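The structure appears right after this line, and notes come after that.
What you see is a predicted model, and the numbers here were worked out from it, not measured in a lab.
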Amino acid sequence: MGTTVIRGGLVITAADETNADILIEGGRVTALAAHDSDVARAWAESADRVLDASGRYVIPGGVDAHTHMEMPFGGTFAVDTFETGTRAAAWGGTTTIVDFAVQTVGESLRAGLDAWHAKADGNCAVDYAFHMILSDVNEDTLKEMDGLVDEGVTSFKLFMAYPGVFYSDDGKILRAMQRAAGNGGLVMMHAENGIAIDVLVEQALAAGRTDPRYHGEVRHALLEAEATHRAIQLARVAGAPLYVVHVSATEAVAELAQARDLGLPVFGETCPQYLFLSTDNLAEPDFEGAKYVCSTPLRPKEHQAHLWRALRTNDLQVVSTDHCPFCFKGQKEMGLGDFSKIPNGLPGVENRMDLLHQAVVDGRISRRRWIEIACATPARMFGLYPRKGTIAPGADADIVIYDPDATQVMSAETHHMNVDYSAYEGRTVTGRVQTVLSRGEVVIDDRTYTGRAGHGRFVARETCRYLG
């Protein structure tokens, strides 16, 4: 692979902003040195490749800890494969995804994990890891959790939603949390009261309320908050840490903040759709609102300010995408006349880093906080740090040269996700990925894709570093 030098840029990590050049050897960061120092000049003279980052940011590749490639849902599948989804991730400056392997009810965890390895192996443009969805908690699967932790699948997702599909009752959740408390795993929770939501769905449809906007109304913010509270108390009883996924509601944030004020190991993630979109999108006419159906649902705009504040105060620690794309034509349309049949999920793996940079431009977060919530903390949370999520000697050379001044218009016409619409169609943002390295290999070269399926490798994860 030879040596690569990135020179002239502003290196931004969660901890520092430094005018430094970077030496890369064997796919890893070897050293940093001040611009125009004798050491940096010597590197450039002897390097096999020099990348000029003058006037640019040099940032760690993004870590998206919540994606669903090829995810089965409601009789169909998310349309991004591991090949198309990881290529789109690279275009968006994300160099590691953590996807969800799914256990089918009645099957073993091993069977589910093996199926996801088969989907991803040899197909990924960037590195990937797996969480495990627990759909069927029993004595056998509880024992399997220990083995998965040993082989680097160190987090387990459970659902308080979707009765009859992924749902686990409180007893099963408690048992899984107790097991995780013993083996070092991290339980991730989809916190919505699915039993109550199903009642409200049935009542809404019976009353003729079938449009996409009712998806948001039946999935009441209080039912997210109630489930979040219950998950926190179960985790306290089990003595286990808890990570709540896709937090969308003010009331749920308040539950997390209260728990963290007590010093509990409770963490929260939100997603760009909750920061930038709202129930106004769900209410778009002519069934266009179906494009924005996801769970937890989009909330009224006033919730956004509370989510941003929680990101600044660290009551929310991570922004992931929950990337789960379904085409409007033929897939979202399955719910015409019945919002409950609309496949739940939005595309976003390509948009996250740019949207969060726009938040920097708008003064909502700092540059270092941008890197913290999108790169460093997800890497720490899920046992990938310091290999991923930072630029430091010994880290994988997953590096993005980012143009903070370029403007772009987000559109399905120009994105690289395998889906027929953009959730951010027509939105102008400032900032754009210019060049991307994955383990030292250039996969986006000055806005040209040079990567390949099969470059990305499975990464076995350690247990949560955020608890240390």
| query | Taking it one step at a time, do L316 and L307 satisfy side chain to side chain contact (heavy atoms under 4.5 Å, CB included)? | reply | CA-CA 8 Å; L316 293 173; L307 297 173; 3.9 Å; yes
Using modelled atom types only, decide if a donor and an acceptor are shared between the side chain of [X] and the backbone of [Y] within a distance under 3.5 Å.
X: N138; Y: T141; result: yes
X: Q103; Y: E107; result: yes
X: T377; Y: E372; result: yes
X: N281; Y: S278; result: yes
X: Q331; Y: F328; result: no
X: H68; Y: P72; result: no
X: R461; Y: V149; result: no
X: T84; Y: D80; result: no
X: Y424; Y: Q273; result: yes
X: R312; Y: R364; result: yes

Rounded at 0.5 Å granularity, tell me how far [atom1] in [X] sits from [atom2] in [Y].
X: L346; Y: D322; atom1: CG; atom2: CG; result: 8.5 Å
X: S438; Y: D396; atom1: OG; atom2: CG; result: 8.0 Å
X: L174; Y: Q233; atom1: CG; atom2: CD; result: 12.0 Å
X: E70; Y: F82; atom1: CD; atom2: CZ; result: 6.0 Å
X: L234; Y: L242; atom1: CG; atom2: CG; result: 9.0 Å
X: L355; Y: C271; atom1: CG; atom2: SG; result: 12.0 Å

Does [X] reach the side chain of [Y], with side-chain heavy atoms less than 4.5 Å apart?
X: I97; Y: H323; result: no
X: T270; Y: V318; result: no
X: Y167; Y: I195; result: yes
X: F100; Y: M188; result: yes
X: M381; Y: L186; result: yes
X: V459; Y: Y128; result: no
X: I342; Y: P212; result: yes
X: Y385; Y: T390; result: yes

Under a 4.0 Å N-O cut-off, is there an ion pair linking [X] with [Y]?
X: R380; Y: E462; answer: no
X: D99; Y: K119; answer: no
X: R213; Y: E217; answer: yes
X: D398; Y: K388; answer: yes
X: K341; Y: D338; answer: yes
X: D127; Y: R457; answer: no
X: R432; Y: D354; answer: no
X: E139; Y: K143; answer: no
X: R299; Y: E224; answer: yes

Write down the atom of [X], the atom of [Y], and the distance for their closest heavy-atom approach.
X: P347; Y: Y421; answer: CD-OH, 3.4 Å
X: S320; Y: P272; answer: O-CD, 3.1 Å
X: R230; Y: N193; answer: NH2-ND2, 3.7 Å
X: V349; Y: G85; answer: CG1-O, 3.8 Å

Within a 6.0 Å radius of atom [atom1] on [X], are there more than 12 heavy atoms belonging to other residues, nucleotides or ligands?
X: R427; atom1: CZ; value: yes
X: E425; atom1: CD; value: yes
X: E413; atom1: CD; value: no

| said: With a 6.0 Å cut-off on the ring centroids, do H117 and F130 count as close? | reply: yes
| said: Just checking Y402 against H357, ring centres under 6.0 Å apart? | reply: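 Yes - the distance between ring centres of Y402 and H357 falls below the 6.0 Å cut-off.
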| field | Derivation and outcome, salt bridge (Lys or Arg N to Asp or Glu O under 4.0 Å), residues R219 and E192 | value | CA-CA 8 Å; R219 305 187 89 89; E192 288 185 290; 2.9 Å; yes
[Y] and [X] aromatic ring geometry - parallel, tilted or perpendicular at 30°/60° bounds:
X: W308; Y: F276; result: perpendicular
X: Y162; Y: F159; result: tilted
X: F382; Y: Y243; result: perpendicular

| Could you walk me through whether E269 and H246 pass the side-chain hydrogen bond (donor to acceptor under 3.5 Å, both in side chains) check? | CA-CA 5 Å; E269 156 200 288; H246 49 54; 5.7 Å; no
| said: The criterion is ring-ring contact (aromatic ring centres under 6.0 Å, His included); which residues satisfy it with H416, sequence neighbours excluded? | reply: W91
| field | Partner set under ring-ring contact (aromatic ring centres under 6.0 Å, His included) for Y274, not counting sequence neighbours | value |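 Checked Y274 against ring-ring contact (aromatic ring centres under 6.0 Å, His included); zero matches.
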| task | Starting from the C-alpha separation in whole Å, work towards a yes-or-no answer on side-chain hydrogen bond (donor to acceptor under 3.5 Å, both in side chains) for N123 and R87. | result | CA-CA 10 Å; N123 293 316; R87 185 166 65 232; over 6 Å; no
| said: For V98 and L384: C-alpha separation, side-chain torsions, deciding distance, then whether side chain to side chain contact (heavy atoms under 4.5 Å, CB included) applies. | reply: CA-CA 10 Å; V98 191; L384 292 162; 4.1 Å; yes
| Check against side chain to side chain contact (heavy atoms under 4.5 Å, CB included), M69 and T81 | CA-CA 5 Å; M69 308 302 173; T81 64; over 6 Å; no
